[in-house]
Protein chains: 2
Amino acid sequence: MAFHKKEEFTQKEQDLANFAKAMSHPARIAILKVLAHRNECICGEIVDILPLAQSTVSQHLKELKNAGLINGTVDGPRSCYCINWKAFEKFNSEFTSLFNNLKVKNEKACC
Amino acid sequence: MAFHKKEEFTQKEQDLANFAKAMSHPARIAILKVLAHRNECICGEIVDILPLAQSTVSQHLKELKNAGLINGTVDGPRSCYCINWKAFEKFNSEFTSLFNNLKVKNEKACC
DNA sequence: CACATTAATCGTATATTTGCGATATAAGAT
DNA sequence: ATCTTATATCGCAAATATACGATTAATGTG
């Protein structure tokens, strides 16, 4: 990278990119899926489900948490995670506002 | 990575992750924005707009094209790109189907 | 034909991500 | 107090991503 130019873009562009980056690995998609399909929060069950080592899963969880996609609370020796729905709503609205307004008129563009 | 485990996940998980990866860089978000806001296809105007070298922009365009987010046609010495709206629709529906059904009942989850 | 223009590709340096085992931490159980 | 269980963190190796300049390819222009 020589010197990351990411700062040269707008904050919104960076935010969207960061959100996307958090979801840019199948393991993290799988984690989100597990979390989304439970009413209760999960802990290490994710480790059993995913084909990854415990430390790797922990790292993915940390990244999802850093990106704000999930919330996590430490409960003694075990941790509890769940989806941060507000973050997804924010992403969804920013994502669609970027594209959806223009979709109709551009549908039959040149290429 | 030692040996990429990405194949161990479902195809849908990989597809979603790939889509997200394609959007995981602010430069690529910016490119998509430019393409979305024009009725005509653009070529090297993107290079003028972005704070990146021509070769770098070309690389980002290639990644977006490989991921199927944009279409591109070579027209002599210049190239013409535009958004692949169908891909975005597919992503949007898969993305929302992953989460939206569960959103309402989980809204007030534990953490 | 020589030259300018536009964009892709190659080679390379550096940064970041992914993954794991080992270790540390924090609580409950014995 | 020691042991067990559940997780996080550290340190490292390998893979990918990011960025750029130089080069190449393709076409139009003088």
Side-chain angles (χ1 to χ4, degrees), chain A residues 1-9 13-14 17-31 34-35 40-67 70-82 111, chain B residues 1-9 13-14 17-31 34-35 40-67 70-82 111:
Chain A
M1 209 180 303
F3 261 128
H4 25 0
K5 295 242 172 160
K6 291 184 181 174
E7 299 86 4
E8 313 242 347
F9 297 90
E13 283 162 357
Q14 291 183 54
N18 282 335
F19 193 99
K21 193 207 282 286
M23 303 214 309
S24 72
H25 194 286
R28 292 196 287 272
I29 298 281
I31 289 172
V34 173
L35 291 176
E40 301 185 276
C41 293
I42 334 280
C43 353
E45 301 162 47
I46 300 168
V47 176
D48 298 332
I49 295 172
L50 298 204
L52 295 171
Q54 176 265 321
S55 58
T56 308
V57 171
S58 196
Q59 242 180 53
H60 282 303
L61 283 165
K62 191 183 176 184
E63 275 167 72
L64 286 169
K65 198 176 170 185
N66 285 343
I70 63 175
N71 298 122
T73 47
V74 188
D75 174 29
R78 63 196 68 193
S79 292
C80 164
Y81 290 101
C82 61
C111 346
Chain B
M1 212 178 298
F3 260 128
H4 25 0
K5 295 243 174 163
K6 289 183 182 174
E7 299 85 4
E8 313 243 345
F9 296 90
E13 283 161 358
Q14 291 183 54
N18 282 336
F19 193 99
K21 192 206 284 285
M23 303 212 310
S24 72
H25 194 286
R28 292 196 287 271
I29 298 281
I31 289 172
V34 173
L35 290 177
E40 301 185 276
C41 292
I42 333 279
C43 356
E45 304 164 44
I46 300 166
V47 176
D48 298 331
I49 296 171
L50 298 204
L52 294 172
Q54 177 267 320
S55 58
T56 309
V57 171
S58 195
Q59 239 179 54
H60 282 305
L61 283 166
K62 190 182 177 186
E63 276 167 72
L64 286 169
K65 198 177 170 186
N66 284 343
I70 64 176
N71 299 121
T73 48
V74 188
D75 174 27
R78 61 196 69 192
S79 292
C80 164
Y81 291 100
C82 60
C111 343

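As a basis for the values below, the full set of heavy atoms in this structure was taken, side chains included, without hydrogen atoms, waters or symmetry mates. Letters go in sequence order (proteins before strands), and every chain restarts at 1.
C/dT17 atom C1' lies 15 Å from atom CG of B/N18, rounded to whole Å. Atom-to-atom, NZ of B/K6 to P of C/dG19 comes out at 7 Å; the value is rounded to the nearest Å. Remark: C1' of C/dG19 and CZ of B/F9 are 11 Å apart, rounded to the nearest angstrom. Rounded to whole Å, the distance from CD1 on A/I31 to P on C/dT18 is 11 Å. Here C/dC20 presents its P atom at 17 Å from NZ of A/K62, a figure rounded to the nearest Å. One interatomic measurement links the two molecules: CD1 of B/I49 to P of C/dA7, which rounds to 12 Å at whole-angstrom precision. Nucleotide C/dT14 holds its C1' atom 14 Å from the NZ atom of A/K5, rounded to whole Å. B/E63 has its CD atom 16 Å from the C1' atom of C/dA7, to the nearest Å.
Distance check, rounded to the nearest 0.5 Å: CG of A/N71 to CG of A/L35 gives 10.0 Å. Atoms CD1 and CG, from A/I29 and B/N18 in turn, are 9.5 Å apart once rounded to the nearest 0.5 Å. If you take CG on B/L50 and CG on B/L61, they are separated by 8.5 Å, rounding to the nearest 0.5 Å.
Here the side chain of A/R78 is nearest to one of D/dA6, D/dT9, D/dA19, namely D/dA6. The side chain of A/T56 lies closest to C/dC20, out of D/dA19, C/dA7, C/dC20. Listed nucleotides: D/dC20, D/dT18, C/dT9. Nearest to the side chain of B/L52: D/dC20.
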In a table with atom names and distances, give each donor-acceptor pair under 3.5 Å that connects a side chain of residues 19-27 of chain B to protein atoms at least two apart or in another chain.
unit_1: B/S24; atom_1: OG; unit_2: B/K21; atom_2: O; d: 2.7
unit_1: B/H25; atom_1: ND1; unit_2: B/A27; atom_2: N; d: 3.0

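Residue contacts shown for B/S79 are limited to sugar-phosphate atoms, with no base heavy atom under 4.0 Å away. Residue A/Q59 is classed as a base contact, given a heavy-atom separation below 4.0 Å to a base.
Partners of B/E13 according to the side chain to side chain donor-acceptor pair (under 3.5 Å) rule, which considers only residues two or more places apart in sequence or in another chain, are A/K33, B/T10. Under the side chain to side chain contact (heavy atoms under 4.5 Å, CB included) criterion, B/K65 pairs with B/I70, B/Y81, not counting sequence neighbours.
Between the two ends of the helix from C/dC1-D/dG30 to C/dT30-D/dA1, each summarised by a five-pair axis, the helix axis turns through 10° (rounded to 10 degrees).
Regarding contacts with the backbone of D/dA17, a side-chain N or O of B/K21 is found under 4.0 angstrom from either OP1 or OP2. Between A/Y81 and D/dA8, a side-chain N or O to OP1/OP2 separation shorter than 4.0 Å is present. Taking only side-chain nitrogens and oxygens, A/H60 never comes nearer than 4.0 Å to OP1 or OP2 of C/dT17.
Identified under the salt bridge (Lys or Arg N to Asp or Glu O under 4.0 Å) test for residues 41-56 of chain A, with sequence neighbours left out: A/R38-A/E45.
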task = Treat primed atoms plus P, OP1 and OP2 as sugar-phosphate and everything else as base, then score nucleotides 22-30 of chain D 5' to 3': B for base contact with protein heavy atoms under 4.0 Å, S for sugar-phosphate contact only, - for none.
result = B---BS---
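B/R28 approaches B/H60 most closely through the heavy-atom pair NH1-ND1, 3.0 Å.
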